[in-house]
Protein chains: 2
Amino acid sequence: MTKTEPLKDAAQERDEIIYQHLHAAICDSRLLPGTRLPEDTLAETFGASRTIIRKVLQRLAYEGLIEIRPNRGAQIAEPSVPEARDIFATRRILECGALAEMAGKVSAADLEALKAINAAEDDAQLKGDRAAAIRLSGEFHIHLVGLAGNAVLSELVARLIARSSLIIATYGSPISVTCRHSEHEQIIDLIARGAFAEAADWMGEHLTTIERSLRWEQETPDLQAVLREFIGGSAAKP
Amino acid sequence: MTKTEPLKDAAQERDEIIYQHLHAAICDSRLLPGTRLPEDTLAETFGASRTIIRKVLQRLAYEGLIEIRPNRGAQIAEPSVPEARDIFATRRILECGALAEMAGKVSAADLEALKAINAAEDDAQLKGDRAAAIRLSGEFHIHLVGLAGNAVLSELVARLIARSSLIIATYGSPISVTCRHSEHEQIIDLIARGAFAEAADWMGEHLTTIERSLRWEQETPDLQAVLREFIGGSAAKP
DNA sequence: GTCGATAAAATTGTATACAACTAATTGCGT
DNA sequence: ACGCAATTAGTTGTATACAATTTTATCGAC
């Protein structure tokens with residue numbers, strides 16, 4: 001899946017494994033935004049020296065998945081509301097643009113692969129495996145964009161999707177956080193019919209739907225309002 | 001210009017300076033693709049330890065401006081032809097998309113700023129200052145996209161533009177490598193009239209024009225062909 | 001108890017020493 | 001001269017020690 005290069009070096013591969021572990025843990029919401037990532041702890045966990053951990057952390061910081069504050073260490077990024085909006089707006093541009101360039105490049109096998117991912121996502125959803133559902137939902141989008149045959153575009157979208165899972169972890173309501181199964185299916189159908197312009201439109205709607213399902217207001221716990229409400233209500237034991 | 005954050009730390013700032021130096025040297029084609037970047041040399045040049053240099057090099061590698069091969073060090077990236085095509089295709093999607101989202105956000109002052117950059121580029125062109133012309137041409141595109149008010153989008157485009165200067169350095173003909181002055185002016189005019197859809201179309205054409213002006217065939221110096229030609233012609237002194 | 005300053009602990013930032021690897025050179029045999 | 005191994009020089013990869021900084025804990029004074 002993510003094995004793209006021949007991996008010349010064993011050391012290179014070890015770095016990659018640590019990176020993939022952390023990346024997956026973040027995208028699956030097993031590590032929630034704000035979680036601190038002390039270098040010593042990670043080094044001990046992965047059996048590597050801080051030098052290696054540091055390299056991986058900087059890579060994750062570059063991708064916007066963690067934030068490194070000078071002398072204060074790393075923590076899982078907490079996307080701001082404007083940043084989240086920008087990310088979804090950029091995804092709309094890129095993913096719709098990818099669909100528009102896809103005409104004549106999509107084979108029957110490609111469509112089957114998309115359907116398989118979609119089915120797996122549906123399955124995970126039914127089983128209540130939320131982490132798997134989120135991951136497969138992302139994989140659907142990544143795989144879809146890949147059909148445009150533009151490696152640069154694919155990488156940009158993959159990174160934005162990873163950041164999107166941080167957005168969902170921060171602002172998503174506990175239920176119904178992933179794409180609706182039927183919407184992905186609709187996109188597959190439109191592509192199968194060769195209606196790429198319509199598919200692009202639908203994708204735009206789809207992403208807007210996801211964005212709208214988020215709860216922007218809760219960003220800051222709004223300490224003042226919470227306390228006022230608490231005082232107004234029944235003040236239980238301290 | 002690039003001073004975005006308060007820069008809490010002096011060390012942080014020192015890293016940034018080294019990064020900016022290398023970044024500018026690459027984008028201005030003062031460091032050409034393929035140039036090797038030994039860590040010791042850079043460390044001595046900038047008066048820093050290899051630890052610092054290493055950090056900066058990895059950042060440049062993430063952005064695709066240099067390539068780090070395991071155990072073999074870093075060198076200025078040499079974009080392949082497919083990669084170059086993908087970069088321009090992605091720029092078309094992003095920059096046209098930015099223009100489409102710009103309606104109602106552009107002030108008269110913004111237009112003046114664009115005109116100023118364009119004039120400066122024209123000036124550099126006339127003076128024969130090729131490095132400045134390339135830099136200002138990139139700045140025009142970056143500033144233009146910035147008017148969409150999407151920071152994520154702006155950063156992605158800025159990175160692709162940096163890589164574009166590597167493409168131009170690799171495949172560009174020595175003359176007429178930058179955007180035509182009149183095309184940028186045309187885009188400004190269309191925006192001033194509020195014709196954002198037309199401006200987006202024109203931007204697409206503009207980027208395609210740049211892409212077409214490149215010489216894809218010369219990628220590998222094609223040793224065999226060159227030698228055959230040499231033997232067939234007049235073989236001068238060895 | 002609360003607040004403040006001080007001290008201790010924990011954590012990150014950096015330089016450097018050494019190991020591992022690659023590239024270049026030498027030297028030998030044919 | 002040529003090819004090929006062995007040696008040497010040069011460069012990168014990593015762990016670690018130490019310095020700098022932040023965070024936590026301690027301890028009086030009010």
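Letters A, B, ... mirror the listed sequences (proteins, then strands); counts begin at 1.
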Residues two or more places apart in sequence or in another chain: which of them pass side chain to side chain contact (heavy atoms under 4.5 Å, CB included) with A:L160?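 Side chain to side chain contact (heavy atoms under 4.5 Å, CB included) list for A:L160, sorted by chain: A:I87, A:T90, A:R91, A:L94, A:R163, B:V152, B:L156.
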Nucleotide [N], atom [atom2] - distance to [atom1] of [X] in whole Å:
X: A:D40; N: D:dT22; atom1: CG; atom2: P; value: 18 Å
X: A:N71; N: C:dA10; atom1: CG; atom2: C1'; value: 13 Å
X: B:I68; N: C:dC21; atom1: CD1; atom2: P; value: 18 Å
X: B:E67; N: D:dT12; atom1: CD; atom2: P; value: 14 Å

Which listed nucleotide (D:dT12, C:dT12, C:dA23) is nearest to the side chain of B:E39?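 Comparing D:dT12, C:dT12, C:dA23 against the side chain of B:E39, the answer is D:dT12.
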Taking only residues two or more places apart in sequence, or in another chain, which ones meet B:R59 in a salt bridge (charged side-chain N to carboxylate O under 4.0 Å, His left out)?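 Salt bridge (charged side-chain N to carboxylate O under 4.0 Å, His left out) list for B:R59, sorted by chain: B:E16, B:E63.
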For nucleotides 14-16 of chain D, list the nitrogen or oxygen atoms of the protein found under 3.5 Å from its nitrogen or oxygen atoms, one pair per line.
unit_1 : atom_1 : unit_2 : atom_2 : d
D:dT14 : OP1    : A:R14  : NH2    : 3.3
D:dT14 : OP2    : A:K55  : NZ     : 3.0
D:dA15 : OP2    : A:S49  : OG     : 2.2
D:dA15 : N7     : A:T51  : OG1    : 2.7

What pairs meet the ring pair (Phe, Tyr, Trp, His ring centres under 6.0 Å) rule with one or both residues in [range], with sequence neighbours excluded?
range: residues 51-71 of chain A; result: A:Y62-B:Y62
range: residues 37-56 of chain B; result: B:H21-B:F46
range: residues 22-44 of chain A; result: A:Y19-A:H23

N/O (side chain, B:R72) to phosphate O (OP1/OP2, D:dT12) under 4.0 Å: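 Negative; the distance criterion is not met.
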Kindly determine whether A:D28 and A:R30 satisfy salt bridge (charged side-chain N to carboxylate O under 4.0 Å, His left out), including the steps that lead there. CA-CA 5 Å; A:D28 292 355; A:R30 299 202 308 277; 3.1 Å; yes
